2 protein chains.
Amino acid sequence: MTTLSDIAREAGVSVSAVSRVLSNAEGTRVSEGTRARIHRVAKDLNYRPNFAARALKFQRTAVLACIVPDLTNAMFSELVRGVESCAREHDYTVLLSRAEVMLELDAALARLLGEGRVDGVIVQTLDATDPAALDALSDAKMPVVFVNTVHPHHAGSVILDDHRGAATATQHLIDLGHQRIGFIGGLAAAGSARRRLEGFADTMASVGLIVDPEWVTAMGYRPADGMAALGSVMDAGVRPTALVIANVNAAMGALLEARRRGWSVPQQLSVAAIHDSWPAENTWPPLTTVKMPFYELGREAVKSVIARISQDDGIDLVVGSPAPELIVRESSAPPLAD
Amino acid sequence: MTTLSDIAREAGVSVSAVSRVLSNAEGTRVSEGTRARIHRVAKDLNYRPNFAARALKFQRTAVLACIVPDLTNAMFSELVRGVESCAREHDYTVLLSRAEVMLELDAALARLLGEGRVDGVIVQTLDATDPAALDALSDAKMPVVFVNTVHPHHAGSVILDDHRGAATATQHLIDLGHQRIGFIGGLAAAGSARRRLEGFADTMASVGLIVDPEWVTAMGYRPADGMAALGSVMDAGVRPTALVIANVNAAMGALLEARRRGWSVPQQLSVAAIHDSWPAENTWPPLTTVKMPFYELGREAVKSVIARISQDDGIDLVVGSPAPELIVRESSAPPLAD
DNA sequence: GGAGTGGGTCCGCTTGCTTAT
DNA sequence: GATAAGCAAGCGGACCCACTC
């Protein structure tokens with residue numbers, strides 16, 4: 001490793017001169033010759049400022065951590081892309097981390113923030129996480145921003161317009177002519193799941209459609225949850241002709257289960273899912289989805305942590321733009337005439 | 001932030017006493033009372049050793065970077081899981097990073113290793129990457145290990161037994177009674193793609209089956225590549241009755257294209273893919289796959305970097321155990337009688 | 001007196017050496 | 001001569017404050 005003093009020795013100048021030249025400090029008075037020589041030697045020796053030394057000096061790492069429960073999830077990777085792009089613009093580096101359960105989150109926060117490895121953290125919790133559990137790790141002053149979770153005693157959340165996303169999906173099915181529409185939702189503990197359910201229910205109510213409680217489930221977002229939910233809904237006395245599914249992964253499971261049970265989509269059952277991701281294009285039939293602005297969510301999350309880092313106050317924010325976008329594929333169609 | 005001197009002041013002892021007690025240095029002679037007091041104060045003040053200071057002192061971060069081209073890819077997340085588990089066992093932390101193209105990889109390596117942010121790097125390159133391009137960033141002594149790519153002038157690669165994986169998939173289709181079997185492969189530049197093709201070809205040859213060149217493609221591993229490849233193969237004069245597809249994502253695209261063209265799988269066309277991932281269970285029909293030991297690959301990669309870090313010599317290694325595992329789902333079946 | 005330099009301190013932590021019982 | 005503790009240097013970099021023409 002090359003250090004400033006290596007360069008200083010080689011160039012025959014003092015360490016402070018090298019430091020000033022290479023960090024381009026303002027008001028630096030160094031002759032052109034010396035400056036050029038320092039630059040040349042630095043280049044020859046392939047100098048790179050030592051990260052630890054800078055971090056120690058500045059008490060600042062210019063690193064942001066982004067913790068997600070599951071990297072496999074294509075939605076999260078949109079989020080991560082947004083985080084990375086915005087972080088780069090603000091000269092931050094992103095450290096990605098995985099924390100599947102609360103315990104891991106707690107430990108990760110302690111290590112990352114407590115040991116000064118990062119300046120701020122963006123946390124996407126599992127949908128199943130009880131917000132109250134976050135209290136334990138919520139020094140309200142910590143530069144932590146939660147994504148898609150509003151934290152009771154911690155201002156600083158960035159969430160999607162779940163209500164509108166669900167409404168968009170629901171309206172699409174209504175526009176196709178469906179009247180018996182069901183909702184396959186996430187676990188009731190999650191705020192985002194509640195908001196989506198409300199978006200569905202409000203839209204149905206606004207056009208005077210009745211929702212049979214048998215058509216509504218709250219089992220979760222995994223494919224297996226979607227399979228179970230579909231079974232439950234389709235065993236109802238009167239079957240729905242269409243379903244809003246609150247998550248694309250659950251929708252994939254539901255499609256598979258529909259196949260297994262011999263229900264053809266979209267002829268006998270239309271499906272519209274919230275969230276888009278590449279696997280949605282590759283299911284059979286390809287899924288109609290409502291694409292939520294995860295990329296922008298990631299960007300806003302970064303702005304929010306940075307604000308917290310510099311001013312240590314946070315705000316809660318709903319990312320409403322771009323609006324949830326309906327992507328019509330082949331899993332939704334008008335209902336068969338009765 | 002709490003520092004050692006905060007604790008020292010509070011406990012009325014010297015900084016060095018605190019350091020020795022908290023780091024549990026051997027041969028430390030500190031009275032029980034002092035020791036207890038230091039521990040209590042440290043706990044009260046919620047002390048955590050500063051990462052930057054330690055890194056600066058030790059010239060060592062205990063962090064390993066893992067660079068992948070695409071986090072969405074479910075296969076990589078198996079790899080990452082393996083990396084994390086093994087890293088944890090060796091008291092390393094993992095920093096995940098994304099680098100889609102060579103330029104980014106180069107920059108990432110410079111930042112991570114050059115600035116001393118990490119002690120070693122595990123790189124999973126894109127399948128499309130030309131190994132020769134890696135030369136540029138290959139100080140052969142750098143603590144870098146490549147996964148699934150053998151690097152010409154850089155011993156230190158960990159790869160899968162691609163030949164055997166392809167052979168397993170091929171043999172499965174042969175066992176079902178297929179004779180006209182095609183191969184949808186990855187880009188020819190990638191060594192792993194070549195090894196899989198050889199595994200396919202060798203297995204076919206070993207049972208005396210002929211491979212029509214029209215049944216073999218090398219378009220890549222994305223779903224769109226699989227769609228194009230399926231079209232090309234099924235336009236052949238004599239059509240195959242089964243396909244080995246070198247990657248599960250390409251297989252998803254191929255399944256979709258088969259649907260679109262009205263070829264029913266597995267009745268008219270059997271499909272077996274290399275690699276397993278959760279979306280493979282949720283396609284229609286669910287995909288028959290050969291699960292490759294990505295988790296173990298990740299673990300071996302960690303052992304390999306650690307060896308490089310401490311001894312700075314590397315070895316090339318094939319992870320052959322557990323063996324590629326055939327997972328029979330519904331996309332493969334005996335051929336229709338002619 | 002301003003242009004061009006170098007010296008020295010500190011960031012938090014570890015550790016060999018010293019000092020005081 | 002043990003035992004218990006403190007001093008101080010130094011990891012690499014930044015920057016304030018000299019100092020010299």
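Here is the naming used below: chain letters follow the sequence lines, and residue numbers restart at 1 for every chain. Every value quoted in this text rests on a predicted model; they were computed, and no experiment measured them.
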Table of protein N/O atoms under 3.5 Å from nucleotides 13-16 of chain D N/O atoms:
| from | atom 1 | to | atom 2 | distance (Å) |
| --- | --- | --- | --- | --- |
| dG13(D) | OP1 | Tyr47(A) | OH | 2.6 |
| dG13(D) | OP1 | Asn50(A) | N | 3.1 |
| dG13(D) | OP2 | Leu4(A) | N | 2.6 |
| dG13(D) | N2 | Lys57(A) | NZ | 3.1 |
| dA14(D) | OP1 | Arg54(A) | NH1 | 3.0 |
| dA14(D) | OP2 | Ser19(A) | OG | 3.4 |
| dA14(D) | N3 | Lys57(A) | NZ | 3.4 |

Could you check whether Glu84(B) pairs with Arg81(B) (Lys NZ or Arg NE/NH1/NH2 to Asp/Glu carboxylate O, under 4.0 Å)?
no

Between Glu296(A) and Arg299(A), is there a salt bridge with N-O shorter than 4.0 Å?
no

Shortest non-hydrogen contact between Leu22(B) and His39(B), atoms and distance
CD2-CD2, 3.8 Å

Can you give me the closest heavy-atom contact between Glu78(A) and Phe294(A), atom names plus distance?
CB-CB, 3.7 Å

Distance, rounded to the nearest Å, where [X] contributes [atom1] and [N] contributes [atom2]:
{"X": "Leu45(A)", "N": "dG12(D)", "atom1": "CG", "atom2": "C1'", "result": "15 Å"}
{"X": "Leu56(B)", "N": "dT15(C)", "atom1": "CG", "atom2": "P", "result": "14 Å"}
{"X": "Leu22(B)", "N": "dT15(C)", "atom1": "CG", "atom2": "C1'", "result": "15 Å"}
{"X": "Phe51(B)", "N": "dC13(C)", "atom1": "CZ", "atom2": "C1'", "result": "13 Å"}
{"X": "Arg117(B)", "N": "dG12(D)", "atom1": "CZ", "atom2": "P", "result": "17 Å"}
{"X": "Glu115(A)", "N": "dG12(C)", "atom1": "CD", "atom2": "C1'", "result": "13 Å"}
{"X": "Arg60(B)", "N": "dG12(D)", "atom1": "CZ", "atom2": "P", "result": "16 Å"}

Donor-acceptor pair, distance only, cut-off 3.5 Å: does the side chain of Asp161(A) make one with the backbone of Val318(A)?
no

Verdict with reasoning, Val118(B) to Leu113(B), per side chain to side chain contact (heavy atoms under 4.5 Å, CB included):
CA-CA 6 Å; Val118(B) 303; Leu113(B) 244 21; 3.7 Å; yes

Report the distance from atom CG of Leu297(B) to atom CD of Gln124(B), rounding to the nearest 0.5 Å.
7.5 Å

To the closest 0.5 Å, what do you measure between CD1 (Ile67(B)) and CZ (Arg98(B))?
11.5 Å

Review item, side-chain donor-acceptor pairs of residues 43-59 of chain B, under 3.5 Å, at least two apart:
| from | atom 1 | to | atom 2 | distance (Å) |
| --- | --- | --- | --- | --- |
| Asp44(B) | OD2 | Arg40(B) | NH1 | 3.0 |
| Asn50(B) | OD1 | Ala52(B) | N | 3.0 |
| Asn50(B) | OD1 | Ala53(B) | N | 2.8 |

Result for 5'-nearest mapping on DNA chain D, choosing between Thr34(B) and Met1(A), is Thr34(B)

Is the phosphate of dC10(C), meaning OP1 or OP2, less than 4.0 Å from a side-chain N or O of Gln59(A)?
no

Bend angle of the helix from dG2(C)-dC21(D) to dT21(C)-dA2(D) from five-pair axes at both ends, rounded to 10°?
80°

